[in-house]
Amino acid sequence: MEEKEVKLFGMWASDFALRVEWALELKGIEYEYVNEDLPFNQSEELLRLNSVTKKIPVLVHNGKPLAESLVIIEYIDDTWKEGYSIMPKDPYDRAQARFWAKFAEDKCITTTLGVFTSEGEAQKKVVQEAREAFKTLKQAITGKEHFGGDSIGYLDLAIGLFAFLMPVFEEIVGVSIVDDANAPLLKAWFARFLDVDLIKTSLPPRDKMYELCKERQQQFISGQIKF
Ligand SMILES: N[C@@H](CCC(=O)N[C@@H](CS)C(=O)NCC(=O)O)C(=O)O
């Protein structure tokens with residue numbers, strides 16, 4: 001079979017890889033998908049392509065590899081300029097979108113994983129931090145249908161992983177982080193984002209995801225894997 005110009009190394013349950021899949025789908029780019037066996041059996045090819053972090057996702061375009069999901073999304077938008085615009089056009093809006101994406105990476109992802117992998121008093125503390133972080137995100141969505149405006153864009157792809165994963169994490173841990181009392185605008189956006197056709201049809205089965213998340217939680221807690 002002829003090798004495609006674009007290849008994505010991902011893993012079926014990876015939220016970071018899903019972000020890139022969404023960007024490729026929005027642009028209508030054809031690509032070959034390589035599903036990696038994580039966390040312990042990365043392929044030789046992946047380790048060669050991303051010898052720095054050894055993580056997925058890795059996008060290979062015309063033989064050249066690129067890592068880090070948000071960097072890849074910007075590259076996709078810069079390279080395939082026609083059709084759907086993922087980044088905002090205005091430089092200030094673009095910078096703001098990057099600011100909030102960094103905030104989500106630094107504050108929301110870290111605290112959510114903290115809740116997921118801690119117990120007792122330590123967990124109570126990090127639950128509060130996570131709730132505050134998600135409450136703060138409302139500034140970026142107030143008055144808008146999506147973070148990108150009327151349609152989904154860069155920031156929606158960056159934050160979208162929570163729309164699917166947060167309820168799964170909350171169910172496993174038995175605490176609520178994004179709810180109608182704490183972050184109603186964000187909770188409502190979760191539903192709108194998951195209702196976008198492209199997103200709806202790309203999500204892995206919830207029960208399979210639930211089982212995998214439980215397994216990962218034990219691996220984190222026992223120190224077998226780190227974030
Ligand atoms: N900041 C990275 C995170 C990527 C990441 O954490 N990937 C995980 C899978 S979801 C991975 O490859 N883990 C394997 C490992 O840590 O060796 C991105 O946005 O691309």
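All ligand and atom numbering here is 1-based and tracks the order in the structure.
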| query | In terms of side-chain heavy atoms, does Trp189 have a donor or acceptor partner in Asp156 at a distance below 3.5 Å? | reply | yes

Item checked: Ile177 backbone acceptor or donor facing Glu170 side chain under 3.5 Å -> yes

*Centroid separation Tyr33 to Trp12 less than 6.0 Å*: no

So ring pair (Phe, Tyr, Trp, His ring centres under 6.0 Å) across residues 83-112, not counting sequence neighbours, yields Trp100-Phe103

Open item on the list: Whether the Lys107 and Thr111 side chains hold a donor-acceptor pair (N or O, under 3.5 Å, no angle test) is what I'd like checked.
Closed with: no

task = Assess whether atom NZ of Lys200 is packed by more than 12 heavy atoms of other residues, nucleotides or ligands within 6.0 Å.
result = yes

What does the N/O contact table under 3.5 Å look like for ligand 1?
{"residue": "ligand 1", "atom": "1 (N)", "partner": "Glu68", "partner atom": "OE1", "Å": "2.9"}
{"residue": "ligand 1", "atom": "1 (N)", "partner": "Glu68", "partner atom": "OE2", "Å": "3.2"}
{"residue": "ligand 1", "atom": "7 (N)", "partner": "Ile56", "partner atom": "O", "Å": "2.8"}
{"residue": "ligand 1", "atom": "12 (O)", "partner": "Ile56", "partner atom": "N", "Å": "2.9"}
{"residue": "ligand 1", "atom": "17 (O)", "partner": "Gln42", "partner atom": "NE2", "Å": "3.0"}
{"residue": "ligand 1", "atom": "19 (O)", "partner": "Ser69", "partner atom": "N", "Å": "3.4"}
{"residue": "ligand 1", "atom": "19 (O)", "partner": "Ser69", "partner atom": "OG", "Å": "2.6"}
{"residue": "ligand 1", "atom": "20 (O)", "partner": "Ser69", "partner atom": "N", "Å": "2.9"}

